[in-house]
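Input: a single structure, listed below in C-alpha cells.
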Amino acid sequence: MEPAEVWGERWSAMTAPIARQYMTTAVRSNSLVCLAADKSRISDLLALVRSVGPFLAALKTHVDVVEDWTEEGWGEVRAAADDVDLLLFEDRKFADIGGITQKQMHGLYGIAGWADLVTAHLISGPDIVDGCMAAWADVGRNGGVLLLAQMSSRGNLLAGAYSDAVVAHGRSHDGVMGFIGNGSRPEELRDLRSRVGEERMIWTPGVNLVVGDCVMGQRYGHPREAVLAGSDAIIVGSGIHKADDPVAAAKAYAEASWQALLERSGA
C-alpha cells in the first residue's frame, strides 16, 4: 500500500519532511511501534535492534544512560537502525533556552548529527524549538521536535492550561512534528487530538498489550485503543525488550498498531 492510501488526509496535511519520512517507514514495516530501548550497553542495544528492528518504525533512545558510549559505538547503532529502516528518536526532553539547547544538541553526544527526532518541554518558551532546528541546520540535517503535551505517569503536571499552551505554540511552529500524549487514557488522547488537529502527529508512551497500573507510577493502555483515539506512534519498552520472546512481542505490537491504523483510516 502507498502511504497516502494508509494515512489518508493526514498524508497531505503533513508538511514536515521528517513526518512524511516516519509515515513512509511505518507503511514499509506495517508498524507504528517505536521501541523504547533503554539499554545501558551498546552491545545489548545493537542485539535488540538487529532482532526486532524489522517490526518497528522508530527507535527511542536515552543516550546518556549508555555506560560504554563512544562515538564509534554509537555510529554502529545509527548504522543498525538504517539497515532496518528506523528513525532514531532521542528522548532528551530539552527544557532550556534556545541558545543552550542548540549547544546541548551538539555537546558530548553530538545528538544533532544522528537523531531524527528529539523531545522537548516548552516550559522555557518556543525558542527551544528554534535551538533544536538551528543545531540540525548546523550539520545539514532535517529533524523534528515532539513537545510533551501529556504524560502517562501518575501525578504529572502536564495538564490544563499548560497543555493547552504547549499545543497552541506547537501548532504554529514548523519545527514541531507533533506532541507526546498519554496512551494510557484514550479519553485524554481524544481530547488532545481534537486540540492538535490533523497537521501534527501524536506519539504515545503508556501502552502495553497488558493494561493497568505498573511500578513507579506508570499506567498502561492498550495499543489498539491508543491508535483509534488518535496516536500515530505507540512507544513500547518493557513489553518488548523484557518479553520472553522479544521478536514475537514486537510482531504482536506491530500487528495491533497496524490493524488499528487501517481501521481508523478505513484503508
Side-chain angles (χ1 to χ4, degrees), residues 3 10-11 13-26 28 34-37 45 49 56-66 69-149 166-180 196 199-203 232-233 235:
R10 303 294 307 290
W11 177 255
M14 293 290 172
T15 56
I18 198 67
R20 287 200 168 193
Q21 184 179 339
Y22 165 73
M23 296 164 96
T24 301
T25 296
R28 282 198 291 257
C34 172
L35 175 63
L45 183 54
V49 172
L56 310 176
L59 180 72
K60 184 174 82 70
T61 60
H62 283 288
V63 68
D64 53 1
V65 307
V66 178
W69 184 90
T70 63
E71 185 175 354
E72 295 76 18
W74 202 252
E76 291 186 56
V77 174
R78 176 75 255 190
D82 289 339
D83 286 344
V84 287
D85 192 24
L86 297 182
L87 272 70
L88 272 189
F89 165 28
E90 171 60 18
D91 192 9
R92 177 59 175 75
K93 297 184 177 73
F94 291 105
D96 216 312
I97 61 174
I100 294 298
T101 300
Q102 183 179 1
K103 293 178 180 179
Q104 290 172 327
M105 283 279 287
H106 294 299
L108 172 64
Y109 298 111
I111 293 170
W114 52 265
D116 301 303
L117 299 166
V118 297
T119 44
H121 289 288
L122 206 67
I123 190 68
S124 62
D127 286 353
I128 194 168
V129 182
D130 295 329
C132 293
M133 302 309 291
W136 275 311
D138 290 341
V139 295
R141 299 185 68 242
N142 290 316
V145 178
L146 292 165
L147 295 176
L148 281 92
V166 169
V167 171
H169 284 297
R171 288 186 61 185
S172 64
H173 200 302
D174 291 340
V176 176
M177 174 179 155
F179 302 89
I180 298 295
V196 167
E199 297 82 13
R200 297 289 186 274
M201 309 210 92
I202 299 176
W203 287 36
D232 298 305
I235 300 172

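The structure displayed is predicted, hence computed values, not measured ones. Positions are given from 1, in the same order as the sequence printed here.
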Which heavy atom in [X] sits nearest to a heavy atom in [Y], and how many Å separate them?
X	Y	result
Lys60	Cys34	CB-SG, 3.7 Å
Ala120	Ile128	CB-CD1, 4.1 Å
Ala115	Glu90	CB-CB, 4.1 Å
Cys132	Val145	CB-CG2, 3.8 Å
Ala135	Met105	CB-CB, 3.3 Å
Ala81	Val49	N-CG1, 4.2 Å

Mind checking the [atom1]-[atom2] spacing from [X] to [Y]? Nearest 0.5 Å is all I need.
X	Y	atom1	atom2	result
Leu87	Asp82	CG	CG	9.5 Å
Leu88	Ile111	CG	CD1	11.5 Å
His173	Leu122	NE2	CG	9.0 Å
Asp83	Glu76	CG	CD	11.0 Å

For [X], what residues pass the side chain to side chain contact (heavy atoms under 4.5 Å, CB included) criterion, not counting sequence neighbours?
X	value
Arg141	Arg78, Asp116, Trp136, Val139
Ala149	Ser163, Val166, Val167, Phe179, Leu192
Asp138	Gln102, His106

- request: List the steps, then state whether side-chain contact (heavy atoms from CB on, under 4.5 Å) holds for Val66 with Thr61.
  value: CA-CA 9 Å; Val66 178; Thr61 60; over 6 Å; no

field: Reference residue Leu146; test side-chain contact (heavy atoms from CB on, under 4.5 Å); the match among Val176, Ile180, Val118
entry: Ile180

Please answer whether the main-chain N or O of [Y] pairs with a side-chain N or O of [X] as donor and acceptor at a distance below 3.5 Å.
X	Y	answer
Arg10	Arg200	yes
Tyr22	Asp232	yes
Arg20	Trp11	yes

- prompt: Is any side-chain heavy atom of Asp130 less than 4.5 Å from a side-chain heavy atom of Met133?
  reply: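 With C-beta onward as the side chain, the pair stays apart.
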
message: Are the side chains of Leu147 and Val129 in contact, using a 4.5 Å heavy-atom criterion?
response: yes

task: Please name all residues satisfying ring pair (Phe, Tyr, Trp, His ring centres under 6.0 Å) with Trp114, sequence neighbours left out, ordered by chain then number.
output: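 In terms of ring pair (Phe, Tyr, Trp, His ring centres under 6.0 Å), with neighbours along the sequence ignored, Trp114 is linked to Trp74.
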
- request: Starting from the C-alpha separation in whole Å, work towards a yes-or-no answer on side-chain contact (heavy atoms from CB on, under 4.5 Å) for Ile18 and Leu117.
  value: CA-CA 8 Å; Ile18 198 67; Leu117 299 166; 3.9 Å; yes

message: Considering only residues two or more places apart or on different chains, which pairs with a residue in residues 78-102 satisfy ring-ring contact (aromatic ring centres under 6.0 Å, His included)?
response: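 Counting only pairs at least two positions apart or across chains, the ring-ring contact (aromatic ring centres under 6.0 Å, His included) contacts touching residues 78-102 are Phe89-Trp203.
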
side-chain hydrogen bond (donor to acceptor under 3.5 Å, both in side chains): pairs with one or both residues in residues 117-127, sequence neighbours excluded: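 For residues 117-127, and leaving out neighbouring residues, the side-chain hydrogen bond (donor to acceptor under 3.5 Å, both in side chains) pairs sorted by first residue read Asp91-Thr119.
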
field: Over 12 foreign heavy atoms within 6.0 Å of NZ, Lys103
entry: no

